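Structure record follows, encoded as structure tokens.
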Amino acid sequence: MKTKLFALAALAPLVLAAAPIAAWAAEADADAPVATAADAPATASELVVQAQIAYRNRTDQAAPVLDYGLDYFQRFEPLTAGDALKRVPSVAFLSDVLESDGVRLRGLDPAYTQILINGEKVPGAGSGSGAFGSGADSAFFVDRIPAELIERIEIVRSASANRSGDAVAGALNIVLRDAYALDGGFVRAGALMFDDGRIRETLGGVWGGQVGPGRLLIGANMQGRRNPKNKLSLRYDEPGAAINNSEVQTDVRNGTDYSFNASYQTPLAGGDFDLSGFFVHTDRYQNEDSIEYNKDIRNNANLSTLNDNDVDIEQDSYAINGKYSHEMAGGTTSLKLGYASFKDKEAEFEDETEYLRDATPYPDGDRITRDKSKTDLEDTEFSAKLEHKRDLSEGVTLQFGVQYEKKQRDLLVTEVPRNRYNLPTNNPPAFGPYAVIDGGDASFEQTRIDPYVMLDGKSGALKWEAGLRYETTDVTLQDRTIPSTTDVDYKFLLPSASVRYNVTADDQIYVSGARTIRRPSFDYLSPALLTAELGDNDFIGNPELKPESAWGLDAGYERRMGKQGVVGVNVFYRKVKDLIELTNTGAEGDEGPGTFVYSARNTGDGKVWGVEFDLSTPLTAIGLKNTGVFLNYSWLDSDVNDEFGSRKFNSQSDYVFNIGFIQDLPTWGAAFGATYRKQGEAYSRVVGEEVTTTYDGDLEIFLEKRIGKDLTIRLTASNLLDGEKKETFNKFTTIEDQKDRNFDEYEIERENAGPVFQLIARLAF
């Protein structure tokens, strides 16, 4: 609550300053016509020069869905889908400062959130090198999708039978622009300036129009990316003790994203044909340099270690989807085919020079350790969906079908033998050849066949849906380094139902319930021992893992406020069975004393619940129709028992809070606005380690000038509060030590970055 009040106080002067300007602008523009929605594609000028403030869309689906068009985010110029998602309810991240990658809907691990693009699943992987780091196959990093490709984002709070059931926390559907989204085109150009003085470029364009019998949309974008950060780590024997070890680090992540998307829609043989696709290429270089000291950080005589860790990353993501629908058999039959691919190539180098290893002055007794590794990962996914929909009676529709999905992964992780030699030397040894690591040459295959049936209907003020989905999963894992083959399969019946009732023309209530699942990731199932995959700790999978299953309930109320505003509150509950979490086996890791072998296990049952509030409305009621305000607050909680008692789900934030405003000045052809974001503390506990993570608030502002009907120039500034990520680590050797609070090490880590400024111009044609 204090954070909420502080945020309101921070933005209050800006809102108050905007009020008299807004009142004057409203009076001057009182006779201006009010825009209305149209079925025709938007013109390029309408997208480039926003005539009105955009608000959250209100949907009339039976299932609870929040709909945000790109114009809701556009004025703050998000670079990626992840940047845009920072402004919507219940979305948290546990990323580095200035990064938004793995979505934690309702604060839960990214594997609990289903990420869809145009309603279809996509292959994805985690970050970092090594088999475990690259293998979070249940999650997709949304910072791979440039914001320029997006038409809208949907938050689907509860599952329906016609969608995949692996959405315990909910689903995020990123809808890309299609051929009916745009008439004409526009170009976008600009530059970003970072805290270290570097400037990166951005350039893109989109065009849509009639081509032959159908409509075509094409778009391309090039985006310079950079993230310069600083990190400080202080290590102690226990809380309150003197500093035992300290480390300062610079971390610069520099890269470029290239993207292309296209969509063509046309009548064909009495039906409708839709072909669409996108491609994203990423070049990224991560350079981490650190200096470690014994005892006091301010004394160079205590210099202990110099470390240079570089990772060269090249990634390609693409997908192509086709859909054909035709009226037949008393209804509409549609066939969807899709193919998607994700390729990740990473080359990592680490060079560490160790000093003060003995009492002998430098360089005698000192040494250098060099490590090199490569990761090649390829995910492919083929999907098909056959669906038939028909009316059974007035207001009642039957929908049934079957979905097929085959996902394959090939992984190859190689490294050279550790190159270590003592100083002084004039002839350092050469690196040996690359060799496959244990568990590093593997393939995974998952096949799913999911039939479903669903009824939906409408009667007066009541709208409802109910369905059943039967998901079958067959997984084969092959480790060519042992060699071994592991086969597992699952079958789940997933019922779902939703009811929405319009109490009045402006008020509606809804209730939705569904059963969902979370499958174990490939890495969690693989029996291969992966060394140093969790920091300095090893990891070994568990082929006996069961999938998690959850029964969930969402209930809420929404009210329309005038023509554009909406306010809503939602409560949710999930009862999770066979919870999957990491655990410390207690075995000593490959890096020696103080390191361990981790695995995954089913830890029992857990519960998740929370309350979500969101407001998106103009202040027309008080005479400020050109002032829009946005507010969402999500209180999140959960409970699970481990060896040490009750706790929340690991790394679930206590809350997520957003507040902001946009002030449009129609008479001057200008606008400005600000947003403030804060997410609560996140706590994680496994055997051997407890981590608490907090983030500072993030303040962003924009200034906009519209020139004529075709040109907009925006200046945006983000991270104006020099955001800091703070982590504390409690480390223990045994379960007994952890219970008795006998520390092996206590560490405090701080990571911060400076502001980022963007100057962007958009021109319609």
Side-chain angles (χ1 to χ4, degrees), residues 96 99 101 125-136 141 196 198 225-231 233 247-257 281-292 303-316 343-355 357 363 366-378 411-441 481 530-539 589-592 595 749 751:
D96 290 348
E99 300 206 3
D101 42 35
S127 63
S129 60
F132 184 88
S134 294
F141 278 5
D196 59 358
R198 287 289 304 274
R225 303 280 296 276
R226 188 170 178 83
N227 187 359
K229 301 170 296 178
N230 297 298
K231 186 181 293 184
S233 300
E247 181 180 1
V248 291
Q249 182 185 86
T250 60
D251 182 355
V252 179
R253 304 183 178 190
N254 194 68
T256 305
D257 293 342
H281 174 76
T282 296
D283 281 321
R284 179 166 173 163
Y285 190 76
Q286 299 180 179
N287 182 11
E288 296 183 6
D289 297 315
S290 64
I291 307 173
E292 196 170 338
L303 178 62
S304 172
T305 303
L306 292 177
N307 184 280
D308 179 20
N309 186 192
D310 303 328
V311 186
D312 194 2
I313 301 171
E314 184 175 323
Q315 296 175 337
D316 289 318
K343 295 181 180 180
D344 181 22
K345 293 181 178 293
E346 302 185 9
E348 182 171 7
F349 171 79
E350 185 172 8
D351 191 338
E352 184 172 85
T353 305
E354 300 173 81
Y355 307 96
R357 297 185 62 250
D366 302 325
R367 70 183 182 189
I368 295 177
T369 302
R370 291 180 170 176
D371 294 289
K372 293 172 67 175
S373 64
K374 291 182 179 179
T375 299
D376 289 293
L377 178 147
E378 181 175 5
L411 175 69
L412 182 63
V413 183
T414 59
E415 64 180 22
V416 299
R418 174 162 285 175
N419 188 317
R420 175 176 286 170
Y421 56 91
N422 293 327
L423 295 174
T425 180
N426 294 322
N427 297 299
F431 279 109
Y434 280 93
V436 179
I437 69 170
D438 291 342
D441 186 4
T481 62
L530 308 176
T531 60
E533 290 302 316
L534 299 172
D536 291 331
N537 301 298
D538 302 338
F539 179 83
D590 186 67
E591 297 294 313
T595 65
E749 186 175 282
E751 178 185 87

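For clarity, every value in this text was computed on a predicted model and none was experimentally measured.
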Rounded to the nearest 0.5 Å, how far apart are [atom1] of [X] and [atom2] of [Y]?
| X | Y | atom1 | atom2 | result |
| --- | --- | --- | --- | --- |
| I368 | T353 | CD1 | OG1 | 4.0 Å |
| R225 | R284 | CZ | CZ | 6.5 Å |
| N287 | D308 | CG | CG | 5.5 Å |
| Q315 | L377 | CD | CG | 9.5 Å |
| T305 | E292 | OG1 | CD | 4.5 Å |

Mind checking what makes side chain to side chain donor-acceptor pair (under 3.5 Å) contact with [X], not counting sequence neighbours?
| X | answer |
| --- | --- |
| D96 | K229, R253 |
| D310 | Y285 |
| T282 | D257 |
| N419 | none |

Any luck finding a side-chain donor-acceptor pair between N422 and R367 under 3.5 Å?
->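 Not at all, the side chains of N422 and R367 share no donor-acceptor pair under 3.5 Å.
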
Does a donor on one side chain and an acceptor on the other come within less than 3.5 Å for N309 and E348?
->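 The answer is yes; a qualifying pair exists.
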
Could you go step by step and tell me if K343 and D376 meet the salt bridge (Lys or Arg N to Asp or Glu O under 4.0 Å) rule?
-> CA-CA 8 Å; K343 295 181 180 180; D376 289 293; over 6 Å; no

Show the nearest heavy-atom pair for residues [X] and [Y], with the distance to one decimal.
| X | Y | answer |
| --- | --- | --- |
| P228 | D196 | CB-OD2, 3.7 Å |
| T481 | I437 | CG2-O, 3.5 Å |
| P417 | P433 | CD-O, 3.5 Å |
| L306 | I291 | CD2-CG1, 3.7 Å |
| L530 | D438 | CD2-O, 3.4 Å |

Applying side chain to side chain contact (heavy atoms under 4.5 Å, CB included), name anything that partners R418, two or more places apart in sequence or on another chain.
->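 By the side chain to side chain contact (heavy atoms under 4.5 Å, CB included) rule, R418 matches T369, D371, R420, E591.
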
A side-chain contact here means heavy atoms from C-beta on lying under 4.5 Å apart; do [X] and [Y] qualify?
| X | Y | answer |
| --- | --- | --- |
| V413 | E415 | no |
| Y355 | S304 | no |
| L411 | D441 | no |

Can you spot which of E247, Q249, E352, E354 makes a side-chain hydrogen bond (donor to acceptor under 3.5 Å, both in side chains) with N307?
->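 Per the side-chain hydrogen bond (donor to acceptor under 3.5 Å, both in side chains) rule, the option paired with N307 is E352, out of E247, Q249, E352, E354.
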
Does K372 count as lying over the ring of Y434, i.e. NZ or CZ under 6.0 Å from the six-ring centre, within 45 degrees of the axis?
->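 Judged by the rule (NZ or CZ under 6.0 Å from the ring centre, within 45° of its axis), K372 is not positioned above Y434.
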
Walk me through it: do L412 and V436 pass the test side-chain contact (heavy atoms from CB on, under 4.5 Å)?
-> CA-CA 7 Å; L412 182 63; V436 179; 3.8 Å; yes

With sequence neighbours excluded, tell me which residues meet salt bridge (charged side-chain N to carboxylate O under 4.0 Å, His left out) with D283.
->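 In terms of salt bridge (charged side-chain N to carboxylate O under 4.0 Å, His left out), with neighbours along the sequence ignored, D283 is linked to no residue.
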
What do the steps show when you test N227 against E99 for side-chain hydrogen bond (donor to acceptor under 3.5 Å, both in side chains), and what is the final call?
-> CA-CA 8 Å; N227 187 359; E99 300 206 3; 3.1 Å; yes

